[in-house]
Each structure stands twice: as structure tokens, then as C-alpha cells.
Asks: 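Sharing a structure here in C-alpha cells format.
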Amino acid sequence: MDSEFWYRMCMQPAAAVTADSAFPKPKHGQPIEAKVDPKTGEVTVNEDVIVRYSSCVGCYSSCGNRVKIDRETGRVLGVGGNPYNPACAYPFLSDDAPLTEAYQSMSFANGKGNQLRGTVCGRGNATLDGYTQPDRITTPLKRAGARGEGKWKPISWDQLIQEVTEGGKLFAEIGEDREIEGFKAVHDTETPMNAEQPSLGPISNQLVMLGSRSDGRGNFSSRFSGSFGTINAYGHSSS
């Protein structure tokens, strides 16, 4: 295909999008977040759309991302690359570059347009799918049947905290008479877990903490386990 024809074909939709001076509500797709004059580079921001620059946690590459949010509803409209992050763009924007320059870098603005265009991989772009996944767990779930039966029911965060802290016959309603120790019962950093095997440490070591990846969640879980008094804390991750 002729390169000039391809260039003009790619340019045409952007020129059409930036032609109007207002921000009409789209009949299809997402609202326009900003307009950039292709000749002057002047930026006009659509205040109905919030843009936040953040980090992707899809893997350990530490890429940035760029999240578009509808101001009225708080709904996430889309996730893309961050032109400030060196893993997303080259050359990348300096941290002190104004946000208007970020808009210019991802437009067809004179002098800067279409040069940086911060991007993320397929996993990073799939962040929105993960966020809107209808099967995503957003509330605590409690077992509502025998182990392995796959029956669960949603409970409140207050109930979760109460039950894991106080313990008790937590599954009496489904016919289980077993007494389950809560955090309070296990939080003993002096009494040996087993007097005949002192190397096992105190009773508090009965708490085993499975943390998560080191993007903040792992740090939180390790601090909790350390303050609780258990050495049995570990994490996991994916690549």
C-alpha cells in the first residue's frame, strides 16, 4: 500500500474528531476527553472526563497506565498507556511536563503529535475487562455448604472482621458444630505452640499469612503478620 495514502487514511479520523469546537455527546463509543488543535497544539479539555495517570499491576514490568473516568458516574471508560512512563513510550515525557503536553503527545498536534503515544500491552489494556468482569469478587464471601461443595454467600465487611477476630461456631447454621479460633485466641506470642517442640515458636505462629504481590498489598500483609507475631508469612505472584 502507498505510504502517503496510508498516512492520509490514518490521519482522516483524527482530523474529523477535532474539527468541532464543542464536545458533543457521542452516538457511539466514548466521550472525547480533549481536543488538540492540529496546527497550534492548543489543548481544550473536556471537563466531563477525568484522566488519571497511574501504574499497571498486570505483571512486574512496572509500566504506567492512563485511566479515563466519567466524572458524572465515576465509571471507568478506558485504560491505556502512560506517556510519562519509560516502559510505555520512547521518548517519554518528563515528570514535570504539563498535562497539556501529554494530550499533545497522543494527538496529531503540530510538532509533537503522534510521536510518543504511550501504550501498554494486551494485559494492560485488559485492565478494564478485569474491572468490569461480572464474576469479579467485590464483597467478602463465606462458605455456605460443605467444604468443596462450592456454595458461598456474601457477607458484610463488619461481619467478616467480627468472625475472624472473635471466632466461634461460625458454621453452625449449616450444621457444623466445630469451634473455630479467631485472631484473638491465636494472638499469643509467649505461650509455646508445643512445649515438647519449642522450635515451633509461640501460639501466634499458628497464623499462616498468604500475602500477595509486592505492589503494596504484600507490604501490608507482611506488616500485619509481623505485628501479629507470626513468622509464617509468604507471598505469591505471577509474571
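Note that the structure is a prediction, hence the values are computed from the model and not measured. Computed from heavy atoms alone, side chains included, the values below leave out hydrogens, waters and symmetry copies.
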Asks: Flag yes if more than 12 heavy atoms outside Glu42 fall under 6.0 Å of its CD atom; otherwise flag no.
Replies: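 12 or below, so no.
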
Asks: How many angstroms lie between atom OG1 of Thr230 and atom CE of Met193, to the nearest 0.5 angstrom?
Replies: 7.5 Å

Asks: Is Gln104 reaching over with its side chain to a backbone N or O of Ala109, donor-acceptor style, under 3.5 angstrom?
Replies: no

Asks: Report the distance from atom CZ of Arg52 to atom CG of Asn65, rounding to the nearest 0.5 Å.
Replies: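 Rounded to the nearest 0.5 Å, the CZ-CG separation comes out at 13.0 Å.
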
Asks: Looking only at non-hydrogen atoms, find the nearest pair between Gly81 and Pro83 and report the distance.
Replies: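 So the two residues come closest at O-CD, 3.7 Å.
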
Asks: On the 0 to 90° scale, with breaks at 30° and 60°, tag the Tyr84-Tyr53 ring pair as parallel, tilted or perpendicular.
Replies: perpendicular

Asks: Tell me the closest heavy-atom pair linking Ile32 and Asn46, and the distance in Å.
Replies: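 So the minimum-distance heavy-atom pair works out to O-ND2, 2.7 Å.
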
Asks: How close do Ile161 and Thr165 get, counting heavy atoms only, and between which atoms?
Replies: O-OG1, 2.6 Å

Asks: So, taking the atom named OG1 in Thr189 and the one named NE2 in His187, what distance separates them when rounded to the nearest 0.5 Å?
Replies: 5.5 Å

Asks: Is the shortest distance from a Lys or Arg side-chain nitrogen in Glu173 or Lys153 to a carboxylate oxygen in the other one below 4.0 Å?
Replies: yes

Asks: Considering residues, nucleotides and ligands other than Glu72, do more than 12 of their heavy atoms fall under 6.0 Å from its CD?
Replies: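 Check fails, neighbour count at 12 or below.
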
Asks: In the single-linkage hydrophobic clustering (I, L, V, M, F, W, Y; side-chain heavy atoms under 4.5 Å), do Tyr103 and Leu93 co-cluster?
Replies: yes

Asks: Could you check whether atom CZ of Phe224 has more than 12 heavy atoms from other residues, nucleotides or ligands sitting under 6.0 Å from it?
Replies: yes

Asks: For Phe171, is the NZ or CZ atom of Arg178 found under 6.0 angstrom from the centre of its six-membered ring and inside 45 degrees of the ring axis?
Replies: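 No; the conditions do not both hold, so Arg178 does not lie above the ring face of Phe171.
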
Asks: Backbone N or O of Cys63 within a donor-acceptor pair of the Ser61 side chain at under 3.5 Å?
Replies: no

Asks: Where the side chain of Asp48 meets the backbone of Asp70, is there a donor-acceptor pair that is under 3.5 Å apart?
Replies: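 Looks like no, no N/O pair under 3.5 Å.
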
Asks: Would you say Val45 ends up clustered with Val51 if hydrophobic residues are merged whenever their side chains have heavy atoms under 4.5 Å apart, either directly or through other cluster members?
Replies: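 Yes.
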
Asks: Given side chains that start at C-beta, do those of Arg66 and Glu33 come closer than 4.5 Å, heavy atoms only?
Replies: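 SC-SC contact between Arg66 and Glu33 confirmed.
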
Asks: Taking atom OG1 of Thr139 and atom CH2 of Trp157, what is their separation to the nearest 0.5 Å?
Replies: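 If we round to the nearest 0.5 Å, Thr139:OG1 and Trp157:CH2 are 7.0 Å apart.
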
Asks: Applying salt bridge (Lys or Arg N to Asp or Glu O under 4.0 Å), run through Glu176 and Arg143 and close with a yes or a no.
Replies: CA-CA 12 Å; Glu176 295 185 13; Arg143 182 164 58 86; 2.8 Å; yes

Asks: First locate atom CD of Gln206, then atom CG of Asp188, and finally report the distance between them rounded to the nearest 0.5 Å.
Replies: 9.5 Å

Asks: Compare every heavy atom of Ser225 with every heavy atom of Met209, then report the nearest pair and how far apart it is.
Replies: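 Shortest heavy-atom separation between Met209 and Ser225 comes out as CB-CB, 4.0 Å.
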
Asks: Under 4.0 Å between a Lys/Arg side-chain N and an Asp/Glu carboxylate O for Glu166 and Lys184?
Replies: yes

Asks: Hey, are Lys169 and Glu163 close enough for a salt bridge, meaning a charged N less than 4.0 Å from a carboxylate O?
Replies: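 No.
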
Asks: Please give me the minimum heavy-atom distance between Val186 and Leu207, naming the atom from each residue.
Replies: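 Smallest heavy-atom distance, with atoms named: CG1-N, 4.1 Å.
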
Asks: Taking atom CD as the centre, does Glu190 end up with more than 12 heavy-atom neighbours from other residues, nucleotides or ligands that are less than 6.0 angstrom away?
Replies: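 For Glu190, atom CD is not crowded (no more than 12 foreign heavy atoms under 6.0 Å).
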
Asks: Answer yes or no: does atom CZ of Arg71 have more than 12 heavy-atom neighbours from other residues, nucleotides or ligands under 6.0 Å?
Replies: yes

Asks: Minimum heavy-atom separation for Gly64 to Asn85, with atom names?
Replies: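 So the minimum-distance heavy-atom pair works out to N-ND2, 3.0 Å.
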
Asks: For Asp158 and Ser156: C-alpha separation, side-chain torsions, deciding distance, then whether side chain to side chain donor-acceptor pair (under 3.5 Å) applies.
Replies: CA-CA 5 Å; Asp158 287 341; Ser156 68; 5.2 Å; no

Asks: With the 4.5 Å side-chain cut-off for hydrophobic clustering, are Ile180 and Phe183 part of the same group?
Replies: no

Asks: Could you measure the distance from the CG atom of Asn194 to the OG1 atom of Thr191? Nearest 0.5 Å is fine.
Replies: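 Here the interatomic distance stands at 12.5 Å.
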
